[in-house]
Amino acid sequence: QVRLVESGGGLVQAGDSLRLSCVLSGRTFSSFSMGWFRQAPGKEREFVASITWGGANSYYADSVKGRFTISRDYTQSTTYLQMSSLKPEDTAFYYCAARWASSTSLAYDYWGQGTQVTVSS
């Protein structure tokens, strides 16, 4: 069974940086494309960033492009989301997700429990 555990959330001030981590266990890390999503209070969950199973390609929501960077460490089975120049509107619960590399669907197969990020102005 695949398990995803996020960490690194917290309370920061606008302009600060924060790095989220997501550890995958239960299956081979390189078998998955990985993504980060977030959900703010009263809003729907939205895509933040993703990275392909081989790490060659990454994608970002327009709202975070240039400020957030997704990366992965195969030796640690960990996906990172480096967040810089944080804004109050980045405040949300952040979720890590995994999708089988062989999947023909864009839907993610596994989700973590999430970690809270709060950015004060």
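Side-chain atoms are counted along with the backbone in the values below, which use heavy atoms only and exclude waters and symmetry mates.
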Within 6.0 Å of CD in Gln113, more than 12 heavy atoms from elsewhere: no
Quick one: does [X]'s side chain get under 4.5 Å of [Y]'s, heavy atoms only?
X	Y	value
Leu4	Tyr95	no
Ser17	Gln82	yes
Glu46	Arg38	yes

In the single-linkage hydrophobic clustering (I, L, V, M, F, W, Y; side-chain heavy atoms under 4.5 Å), do [X] and [Y] co-cluster?
X	Y	result
Tyr80	Leu24	no
Val2	Tyr74	yes
Leu81	Phe29	yes
Met34	Leu18	yes
Leu11	Phe93	no

Ring-face cation of Arg45 near Trp111 (centre distance under 6.0 Å, axis angle within 45°): yes
Ring geometry between Trp100 and Tyr110 (parallel below 30°, tilted from 30 to 60°, perpendicular above 60°): perpendicular
Donor-acceptor contact below 3.5 Å, side chain Thr52 vs main chain Asn57: yes
salt_bridge(Asp62, Lys65) N-O dist < 4.0 Å: yes
Which heavy atom of [X] sits nearest to which heavy atom of [Y], and what is that distance?
X	Y	answer
Asp73	Thr75	OD1-OG1, 2.5 Å
Phe47	Ala61	O-CB, 3.4 Å
Val23	Gln76	CG1-O, 4.3 Å

Selection residues 23-33 - residue pairs positive for side chain to side chain donor-acceptor pair (under 3.5 Å), sequence neighbours left out: none
Between Phe37 and Tyr108, ring centroids under 6.0 Å: yes
